[in-house]
Amino acid sequence: MTQPVSPPRGSTDKVPSMSELPAWRTLVARADVRTLSLLGVLVALIVIGGITKPDEFLDTRNLQLVLTQASVIGVVTVGMTFVVTSGGIDLSVGAIVALSSVWATTVATQEYGFAGILFTAVLVGVGCGLVNGLLIAYGGMVPFIATLAMLASARGLALQITDGKTQIVTSDGILKLGERDSYVLGIPPLVLVFAVVTIIGWLILNRTTFGRRTVAVGGNAEAARLAGIDVRRQRLYLYLLSGLCCGIAAFLLIILSGSGQNTNGNLYELDAIAAAIIGGTLLSGGRGTITGSVLGVLIFTTITNIFALNNLQSDVQQIAKGAIIVAAVLVQRRTAASST
């Protein structure tokens, strides 16, 4: 009787499915699809803007404005991406931006000029991040509650400092950075700062031990602790990083507006979280992408600009943003379900 011939070693009858691929290749494939999808949405928005208002939207000054406006919230979003990747959340970023901006533009602070304003904005941001980190990491408070308390406190303190009035910047060094003469090869200084923060954030999250620990804590904090990671200290560092980004964003906002106001940073926390989520960062933690978050910021900023140029009401704009967020979350859940 003839024996069945077995197929040659190494041959295969089917192409391996996504679930059969190595874990790193699966993540790369999904990341590429996600990034390309976001790029497609951004390109589609640019096309829409070019069709509806070709002379205004595609004007160099308008494109520079879009990038400049994206820079402020973009820096905040980089810090938020780290926090959300670790399984946390920071509802106080907008209030910290406001407090940093008004503290840095008081008459006493402005006497120290450019350096004094920059140092104060960053110091206040880091200080608020330190308080958040200590309350959450070592005080055992839930991030939602701790940062909500900081939101209320920082907003109240910002209002007290300004007495509800706008604080005008008189420092020539700050004002000159907002002028077109300070542009480098047609690129505003704020955009360059945003680009540097983005690159550093990407390198930290993807190429350092700190980034790997952040992902590990967000994926499973107890497993990370058993693996030797100091979870509490890592969380403290993450909120310090978020506060630092808020301080930098406050300084950029001072350059952009030439003033400090207690209303600065309004709803930044929602925009930053939304940009991170549609970019592919899991709200439950364990996965984050700086590239996706930046694309999310650019998408939201472009939508706002298109609506403004077409004189559309802001309520329709908010509905559109909400629909994008819901769609992004549904896609995340479907992706997570297909990977199990």
Side-chain angles (χ1 to χ4, degrees), residues 69-104 120-137 141-159 190 193-194 197-198 200-201 204-205 214 218 235-254 256-257 260-279 281 283 285 288 290 293-294 296-297 300-301 304 321 325:
Q69 292 175 337
S71 299
V72 180
I73 185 62
V75 171
V76 175
T77 304
V78 170
M80 182 68 78
T81 301
F82 278 88
V83 172
V84 176
T85 300
S86 71
I89 198 167
D90 192 348
L91 300 178
S92 63
V93 291
I96 294 175
V97 168
L99 180 59
S100 299
S101 70
V102 300
W103 209 322
T120 303
V122 172
L123 183 63
V124 172
V126 172
C128 292
L130 176 63
V131 174
N132 280 337
L134 289 174
L135 289 175
I136 294 167
M141 291 187 68
V142 177
F144 182 91
I145 300 300
T147 57
L148 185 62
M150 176 58 73
L151 182 155
S153 302
R155 282 288 179 195
L157 185 53
L159 179 60
L190 276 68
V193 173
F194 176 38
V197 171
T198 298
I200 293 175
I204 292 175
L205 186 59
T214 301
R235 284 175 174 160
L236 173 62
Y237 288 161
L238 288 166
Y239 282 95
L240 281 172
L241 178 61
S242 179
L244 172 63
C245 289
C246 289
I248 296 173
F251 181 70
L252 298 183
L253 194 55
I254 291 171
L256 183 62
S257 63
Q261 305 176 49
N262 66 287
T263 56
N264 281 342
N266 188 35
L267 297 181
Y268 272 20
E269 55 278 357
L270 299 184
D271 287 342
I273 293 171
I277 290 174
I278 72 167
T281 299
L283 193 57
I290 298 295
S293 296
V294 170
V297 170
F300 278 146
T301 309
T304 301
K321 285 185 177 181
I325 295 170

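None of these values were measured; they are calculated from a predicted model. Count residues from 1 along the sequence.
A158 and L99 make their closest contact through N-CD1, 3.9 Å (heavy atoms, listed as atom of the first residue, atom of the second, distance). For I73 against A272, the heavy-atom pair with the smallest separation is CD1-N, 4.1 Å. In plain terms, the two heavy atoms of S293 and A276 that are nearest each other are OG-CA, 3.5 Å. Between E269 and M80 the shortest heavy-atom distance is O-CE, 4.1 Å. The two residues G288 and T281 have their closest heavy-atom pair at CA-OG1, 3.6 Å.
Between C245 and V76 the shortest side-chain heavy-atom distance does not fall below 4.5 Å. Contact of the D90 side chain with the I273 side chain is not registered, since no non-hydrogen atoms from C-beta on lie closer than 4.5 Å. For the pair L241 and I204, the minimum side-chain heavy-atom distance is 4.5 Å or more. The shortest side-chain heavy-atom distance between V131 and L135 falls under the 4.5 Å cut-off. Side-chain atoms of F251 and V193, non-hydrogen and from C-beta on, never get closer than 4.5 Å to each other. With contacts defined as side-chain heavy-atom distances shorter than 4.5 Å, the pair R155/N266 qualifies. For the pair L157/W103, a side-chain contact is recorded, criterion being any heavy-atom separation below 4.5 Å from C-beta on. Under the 4.5 Å side-chain criterion, counting only non-hydrogen atoms from C-beta, P143 is in contact with Y239.
Atom CG of L240 and atom CG of L134 lie 7.5 Å apart (nearest 0.5 Å). L151 contributes atom CG, which lies 11.0 Å from atom SG of C128 (distance to the nearest 0.5 angstrom). Between atom OG1 of residue T77 and atom CZ of residue F194 there is a gap of 7.0 Å, rounded to the nearest 0.5 Å. Taking CZ from F300 and CD1 from I278, the interatomic distance works out to 4.0 Å, rounded to the nearest 0.5 Å. Atom OG of S71 sits about 7.0 Å away from atom CG of L252, to the nearest 0.5 Å. In this structure, OG in S101 is found 4.0 Å from CG in N264, a value given to the nearest 0.5 Å.
For the 3.5 Å distance criterion, the side chains of N132 and S242 fail to qualify, holding no donor opposite an acceptor.
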Stepwise side chain to side chain contact (heavy atoms under 4.5 Å, CB included) check, Y237 with T214 | CA-CA 10 Å; Y237 288 161; T214 301; over 6 Å; no

